[in-house]
Amino acid sequence: MDRNETNNKIEKDPSSFLQRIVEKDLNEGVYSRGICTRFPPEPNGYLHIGSAYAINISYNIAKKYGGEFNLRFDDTNPLKEDKEYVDAIIDDMKWAGFDPKDRIFYGSDYFQQLYDYAMELVKKGKAYVCDLSAEEIRQYRGTLTEPGKNSPYRDRIIDENVDLFTRMKEGEFKTGEKVLRAKIDMKSPNMNLRDPVIYRILHEAHYRQGNQWCIYPMYDYAHPLQDAIEGVTHSLCSIEFKDHRPLYNWTLEELEFNEPPKQREFGRMNLTGVITSKRYLRELVAGGYVDGWDDPRLPTLRGMRRRGYTPESIKHFLGEIGISKDESTVDVSMLEHSVREDLRDTAPSMMAVMNPLKVIIENYPNDQKELLEVQNHPKNPDMGTRNVTFSNTLYIEKDDFMEKPEKGFKRFAPGHEVRLRGAYFIQLTEIIKDDSGEITELRCTYDPETKSGSGFTERKPKATIHWVDANNAISAEARLYDKLIEEEALLKDKTLSWEERINPDSLKVLTEIKMEKALGEAKSEDKFQFIRQGFFTVDNKHTSGEKLIFNRIVPLKDSWKKGKK
RNA sequence: UGGGGUAUAGCCAAGUUGGUAAGGCAGCGGAUUUUGAUUCCGUCAUUCGUAGGUUCAAGUCCUGCUACCCCAGCCA
C-alpha cells in the first residue's frame with residue numbers, strides 16, 4: 001500500500017515545456033517515425049547526479065510517448081576517452097533504473113559515414129581545408145564584439161579541397177597541420193558560425209577504433225549527424241548548447257536530411273554544496289583527495305549508491321525538482337528528503353552510536369547478559385525483530401548527554417531519567433572525567449521494572465536514546481566504519497588514530513583541508529569548498545550473530561544532531 | 001545596442017485562448033510518539049525583477065529599464 005503510493009509519486013509526471021514541444025510535434029505529425037531521444041555521454045568520467053538529471057529527462061520523454069531511448073557514447077575525442085568509463089556508465093544507468101537495453105551506440109562507429117558526409121560538404125563547396133594554425137584561427141575568428149575575417153584558404157577550389165581532405169584522412173599530414181572547416185560566416189555574431197572546425201588531424205589511437213583514423217570529427221559537426229543516423233527526433237541537451245543550435249541545423253540542412261532531429265535545451269541543475277562538474281570530480285579522484293569515483297562523499301551515482309541512496313530516491317528527487325529553461329541550484333535538503341522518504345518505510349531502523357560515551361550500570365550484575373528483542377521497524381511489524389545483547393557496560397552517543405543541560409535539552413543529564421530504546425530506564429549517579437576534564441564515563445542505575453515491553457507506565461521519560469552493548473560495540477564501531485568504506489581505509493592517512501578515523505567530524509575537517517589544496521587555482525572557490533559530508537547515521541544494519549552488516553547510510557535531518565529548543 | 005538565454009517566496013517550481021498566485025523542500029506554531037525521527041493539524045507571495053502602458057480585469061499582452069547566465073577549444 002505504502003509502496004504503491006510512493007511509486008505513484010515517483011511516476012508522477014510534472015508537465016514541462018519539453019513535453020509540450022514533443023506533443024506539438026506529435027499532433028502536427030512532424031515525424032513519420034516514432035519519438036526517439038538519446039543520452040550522449042562522453043566516456044571520460046563517471047555519471048553523477050547531474051547526469052542522472054539529464055538522463056531522466058530524455059528517458060522519461062521517450063517512455064511517456066512510447067518512443068525509443070538511446071544511450072550513445074559521444075566518443076569522438078581519442079585523447080580523453082576510455083572503455084573503463086563506458087562500462088561504468090552502462091552499469092550505473094542500469095542500477096539507477098535507466099536501462100538502455102540493446103540500444104547502446106557509439107558515435108565513433110559512424111566515423112566512415114561522418115567522413116562521407118563531410119566529403120559531400122566539401123564537394124558542395126560548403127567546407128574547406130584550412131592551413132592556418134590553431135593560434136591563427138583564433139586570431140582570425142575575431143572577438144565577441146568584433147567580426148572575424150576570412151581565412152586565406154577559404155576560397156580554395158573544390159577539387160583542391162577534395163584532394164587535401166582525402167590526404168588528411170590518408171595520414172599525409174601531421175597532427176594539427178590542417179583542419180576541415182565549415183564555410184559559413186566569419187562575420188556572424190554567433191561565434192559558432194564563424195567557419196567552425198569540423199575535422200582535425202590527430203595521430204592518436206582511439207579506444208574503440210584503434211588506429212583506423214587519424215582525423216576526428218568535432219562535436220558540433222558529429223552530433224547532429226549521429227542523432228540523424230540513429231533516427232533521434234528530439235535531441236535534448238543543456239542550455240549552454242543553445243548557441244550551437246544554428247550549427248546543428250546548418251549541418252542537417254546542408255546534408256538535406258528528411259525530418260531532421262531537433263535540438264532543444266533545458267537548464268542545468270546544480271545542488272547546493274555539491275560539485276557536479278566532471279572536471280572537478282576527475283581532479284579529486286586523480287589527485288587522491290577522495291578514495292575513487294565511488295567515494296561516498298562524491299555525488300557520483302556510484303558514490304551515492306555506497307552512501308545509501310536508492311535508485312527510487314534519486315528518481316523521486318528528479319521528478320520533484322522539475323525542469324526549466326534556466327539554470328537552477330536546488331537545495332540539497334530536497335535530495336536528502338527523498339532518501340529519507342524512501343528509506344523511512346523500507347529500511348530497518350537500528351541503533352547506532354557514532355561517537356561513543358561509556359555508560360556503566362552499577363546495579364546490573366557484572367556477569368549478567370541478556371537478550372532483548374527489538375523491533376526492526378517502529379511501524380512495520382512485518383519487518384520482524386532482532387535480538388540485541390544488554391550488559392552493565394554500554395555506549396551511548398556523546399551528544400545524547402549534557403552535564404549542564406541547555407534549556408530544552410530532553411536527553412540524558414543529571415536528574416533526567418531516559419529510556420534506553422528497547423531496554424530500560426536509566427538514571428545518572430556519577431560522571432567520570434579524565435585529567436583534562438573530558439567526560440569519559442557515566443555511572444548509572446537502571447530500573448528493572450521499566451523493561452521494554454513490560455507494560456510499565458508509571459513514569460515516562462522525556463527522551464529515548466540509542467545505545468549499544470559495549471561488548472559488541474567496540475568491534476561494531478570499527479565495522480561500521482570499515483563497512484562504510486567497504487573494508488578499505490577511506491583515509492589513507494595512517495597517522496590518524498583509529499578513533500579519529502571513525503569520527504565523522506574529523507573526517508569532515510580533513511576533507512575540507514584537502515579540498516583547499518585541491519582548489520589550487522580553481523576559478524570558483526565556493527563550488528569546491530565542500531564535498532558534502534553531512535551527518536551519517538546507520539539506518540539499516542542487520543545483526544546476524546555477532547556480525548553487523550550495514551547496507552545503507554542515511555543523512556539525518558540536522559535537528560536530530562542539534563536538538564530542538 | 002556583439003549575439004543568445006532566464007527572471008514567480010530562503011530553494012525548486014506550476015501557471016499556455018488575459019478572469020483574480022498550485023505543489024514540494026526548508027522554516028515556524030501545536031498534537032501524538034519507546035528514535036527531538038515518523039505521523040497529524042495549522043501557518044508561510046494583497047503579489048509575480050523593475051517602471052510605465054493597454055484592459056472591466058495582467059504573472060500572462062505592449063514599451064522602456066535592470067540583474068544574472070552562456071559564447072572568442074583543432075573539448076564535449
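Just so we're on the same page: letters track the sequence lines, and every chain starts at 1.
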My understanding is that a pair needs two contacts under 3.5 Å, Watson-Crick or G-U wobble. By that rule, which nucleotide pairs with B:rC44?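 The base-pairing partner of B:rC44, which may sit in any strand shown, does not exist here.
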Proximity to RNA chain B (any heavy atom under 4.0 Å), residues of residues 453-463 of chain A only: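 A:Gly453, A:Lys460 - these, ordered by number, are the residues of the stretch whose heavy atoms sit under 4.0 Å from the strand.
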Those residues that, when tested against A:Asp326, pass side-chain contact (heavy atoms from CB on, under 4.5 Å) (two or more places apart):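 For A:Asp326, the residues satisfying side-chain contact (heavy atoms from CB on, under 4.5 Å) (neighbours in sequence not counted) are A:Ser324.
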Partner residues of A:Pro448 under the side-chain contact (heavy atoms from CB on, under 4.5 Å) criterion, sequence neighbours left out: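 Only A:Tyr446 meet the side-chain contact (heavy atoms from CB on, under 4.5 Å) criterion with A:Pro448.
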Which sits closer to the 5' end of RNA chain B, A:Lys379 or A:Thr329, going by the nucleotide each is nearest to?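 This one resolves to A:Thr329.
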How are the rings of A:Phe409 and A:His416 set to each other: parallel, tilted or perpendicular (split at 30° and 60°)?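 Ring orientation of A:Phe409 relative to A:His416: parallel.
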Protein-nucleotides 5-9 of chain B N/O pairs under 3.5 Å:
| unit_1 | atom_1 | unit_2 | atom_2 | d |
| --- | --- | --- | --- | --- |
| B:rU6 | O2' | A:Asp326 | OD2 | 2.6 |

Consider only side-chain N and O atoms of A:Asp74 and A:His223, and report whether a donor and an acceptor are under 3.5 Å apart.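 Yes, A:His223 and A:Asp74 have a side-chain donor paired with an acceptor closer than 3.5 Å.
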Please list, chain by chain and in numerical order, all residues satisfying ring-ring contact (aromatic ring centres under 6.0 Å, His included) with A:Phe401, sequence neighbours excluded.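 Here the qualifying residues are A:Phe412.
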Could you please name the option among [options] that lies closest to any side-chain atom of [X]?
X	options	result
A:Ser452	B:rA13, B:rG73, B:rU34	B:rU34
A:His337	B:rA72, B:rA26, B:rG4	B:rA26
A:Glu240	B:rU38, B:rG36, B:rC70	B:rC70

Considering residues at least two apart in sequence or located in another chain, which fulfil the side-chain hydrogen bond (donor to acceptor under 3.5 Å, both in side chains) criterion with A:Thr251?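 Counting only residues at least two positions away or on another chain, A:Thr251 forms no side-chain hydrogen bond (donor to acceptor under 3.5 Å, both in side chains).
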